[in-house]
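Note sheet for the following structure.
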Amino acid sequence: MGIQDRPVGGCGGRRAGDRRHAPDSRDGFAAAHAQRARYGQGERYAWLATPWLDGSSLWDAFQPVRDQAGDRGEPLSAAVEAATILGGLHQARWIHGSLEPRHIIVTREGARFVDWAWAWSWNSLPPSTHFTGGLVHLSAPELLAQAASGQRPVTTSQPDEVWTLAASLWWAATGQWPRDYAAIGVDPAEHTTAELRALLLHTPAPLGRITYWPDLEHALRTVLTTVPARRPTALRLADMLRQIRC
C-alpha cells in the first residue's frame, strides 16, 4: 500500500488518498500549482495573478477541533493533504516561505497553498533579500537564530518549513501559539518582533498542550522538539497524521 493509499487512521469517512484531495507526493507540487499562475513585470513593479480557489482555509477547517465539537475527520484529512502537498513541493526543490493556516486552502481537488511572496527554489529562484524571518510564533528555533544574526537573505530550509507546518497545525487545532509564553512569563503582545525573537533565543519557551487530542499533540510535538537534522520530513509528518485516531 503506497503512502497515498492509506486511510486516515481511526477516522472513517474519506481516505487520504482520494483523488479529489492530495495528489501523489512525487508530483504534488506540479499537479497542484503548475500552470495556475500568470505573472509579469514593468520597470518598477511586478504582478502575479492566480486562479480563485473555491474552498475554506485550514484555519476554518479546524474550527470544530478548536470548539471541541463536531467531526475531526475532515480537519485531519486536510492536515494530511497539506503535509503531502508540502512534501511534493520540497521534492520539487521549492520552499513556500510563508506557511500559516490561512495560506492553506482546502478545495474539492485537495489542499492548495496561497501567498507565495517569499517562495524560492534551488533550481530557478533565489531567496529574497527582503525576507527577515516570518512570523516569530511559527518559526523554528534555528530560523529565529538565523534572523537574529543579521544574515541576509534569511533562508528557510525544508526542516524549518516542516516545523512551521506543525506549528500552524497546533495553532489551528487550539487557537493558541504552540509555544507556552506564559510559562516563561512573557506576553508576546508587549514585544516587537525583534524583542520577542531575542527573548525566545535566550529563554526558549516550552510547548503547550493539546489535552483534548493527545495523539495529535504527540505527532506535532515530535516535529517541534526534534533538531533539524533528524526532524521528520513533510511526507513523514503526513504519514504520522494518517495514524492518528479521531
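Source: prediction; values computed, not measured.
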Check: Do Arg231 and Glu142 sit within salt-bridge range, that is, some charged N less than 4.0 Å from a carboxylate O?
Finding: yes
Notebook entry, point to check: Under 3.5 Å, is there a donor-acceptor pair between the side chain of Asp239 and the main chain of Arg236?
Noted result: no
Margin query: How long is the straight-line distance from OH of Tyr212 back to CZ of Arg72, given to the nearest 0.5 Å?
Written below: 8.0 Å
Item checked: Centroid-centroid distance, Trp177 to Trp170, less than 6.0 Å -> no
Checklist line | Donor-acceptor contact present, side-chain Trp163 to main-chain Leu224, <3.5 Å | finding: yes
Margin query: With heavy-atom distances below 4.5 Å as the criterion, would you say the side chains of Leu76 and Val65 are in contact?
Written below: no
Note to self: Between Leu196 and Arg179, is the side-chain contact (heavy atoms from CB on, under 4.5 Å) condition met? List the steps.
What the structure shows: CA-CA 12 Å; Leu196 184 58; Arg179 292 183 171 102; over 6 Å; no
Next item on the list: Any chance you could measure Cys246, atom SG, to Asp215, atom CG, to the nearest 0.5 Å?
Entry: 9.5 Å
Next item on the list: Without swapping roles, check the side chain of Ser149 against the backbone of Gln146 for a donor-acceptor pair under 3.5 Å.
Entry: yes
Check: Which pair of non-hydrogen atoms, one from Tyr181 and one from Pro188, has the smallest distance, and what is that distance?
Finding: CD1-CG, 3.7 Å
Check: What are the two closest heavy atoms between Pro101 and Ser168, and how far apart are they?
Finding: CG-O, 3.4 Å
Note to self: Any side-chain to backbone donor/acceptor pair from Asp67 onto Ala69? Under 3.5 Å, distance only.
What the structure shows: no
Check: Please walk me through it: do Leu200 and Ile184 pass side-chain contact (heavy atoms from CB on, under 4.5 Å)?
Finding: CA-CA 9 Å; Leu200 290 172; Ile184 59 172; 4.3 Å; yes
Notebook entry, point to check: Can you name the closest pair of heavy atoms from Thr129 and Pro153 and give their distance?
Noted result: CA-CB, 3.9 Å
Margin query: For the aromatic rings, using the six-membered ring if either is Trp, is the centroid distance between His96 and Trp116 under 6.0 Å?
Written below: yes
Check: Is there a donor-acceptor pair under 3.5 Å between the side chain of Ser57 and the backbone N or O of Val106?
Finding: no
Item checked: Where Ala238 and Thr84 come nearest, the two heavy atoms and their spacing -> CB-OG1, 3.6 Å
Checklist line | Smallest separation among heavy atoms of Glu100 and Leu138, with atom names | finding: CB-CD1, 3.7 Å
Margin query: Using side-chain heavy atoms (C-beta onward) and a distance below 4.5 Å, is Ser77 in contact with Glu81?
Written below: yes
Check: Is there a donor-acceptor contact under 3.5 Å from the side chain of Gln158 to the main chain of His90?
Finding: yes
Note to self: Would you say Leu99 ends up clustered with Trp120 if hydrophobic residues are merged whenever their side chains have heavy atoms under 4.5 Å apart, either directly or through other cluster members?
What the structure shows: no
Check: Are the side chain of His103 and the backbone of Ser98 linked by a donor-acceptor contact shorter than 3.5 Å?
Finding: yes
Checklist line | Atom pair CG/CG of Leu220 and Leu237 - distance to nearest 0.5 Å | finding: 7.0 Å
Notebook entry, point to check: Ile105 and Trp118: same hydrophobic cluster, using ILVMFWY side-chain contacts below 4.5 Å?
Noted result: no
Check: Are Arg66 and Trp59 in a cation-pi contact, defined as NZ or CZ under 6.0 Å from the six-membered ring centre and within 45° of the axis?
Finding: yes
Check: Roughly how far, to the nearest 0.5 Å, is the CG atom of Leu58 from the CG atom of Leu165?
Finding: 8.0 Å
Item checked: Derivation of the side-chain contact (heavy atoms from CB on, under 4.5 Å) call for Leu235 and Gln91 -> CA-CA 10 Å; Leu235 293 180; Gln91 287 187 334; 3.4 Å; yes
Margin query: Is it the case that over 12 heavy atoms from other parts of the model lie below 6.0 angstrom from the CG atom of Asp54?
Written below: no
Item checked: Atom pair CD1/CZ of Ile95 and Phe131 - distance to nearest 0.5 Å -> 10.5 Å
Check: Counting only N and O atoms by type, is there a donor-acceptor contact under 3.5 Å from the side chain of Thr164 to the main-chain atoms of Ser139?
Finding: no
Next item on the list: Decide yes or no for Trp94 and Asn123: does some side-chain heavy atom of the first lie under 4.5 Å from some side-chain heavy atom of the second?
Entry: no
Margin query: Between Pro232 and Thr222, is there a side-chain heavy-atom distance shorter than 4.5 Å?
Written below: yes
Checklist line | Hydrophobic cluster identity match, Leu89 and Leu241, side-chain contacts under 4.5 Å | finding: yes
Notebook entry, point to check: At what distance, to the nearest 0.5 angstrom, does CH2 of Trp213 lie from NE2 of His218?
Noted result: 14.5 Å
Checklist line | Linked, directly or transitively: Val162 and Leu216 (ILVMFWY side chains, under 4.5 Å) | finding: yes
Note to self: Between Ile104 and Met240, is there shared hydrophobic-cluster membership here, with clusters defined by ILVMFWY side-chain heavy atoms closer than 4.5 Å?
What the structure shows: no
Next item on the list: For the pair Glu161 (side chain) and Gly97 (backbone), establish whether a donor and an acceptor sit closer than 3.5 Å, ignoring hydrogens and angles.
Entry: yes
Check: Would you say the side chain of Leu207 lies within less than 4.5 Å of the side chain of Asp180, judging by non-hydrogen atoms?
Finding: no
Notebook entry, point to check: Closest approach of Arg102 and Trp171, non-hydrogen atoms and distance?
Noted result: NH1-CH2, 3.9 Å
Next item on the list: Measure from the side-chain N and O atoms of Arg221 to the backbone N and O of Gly208, and report whether any donor-acceptor pair falls under 3.5 Å.
Entry: yes
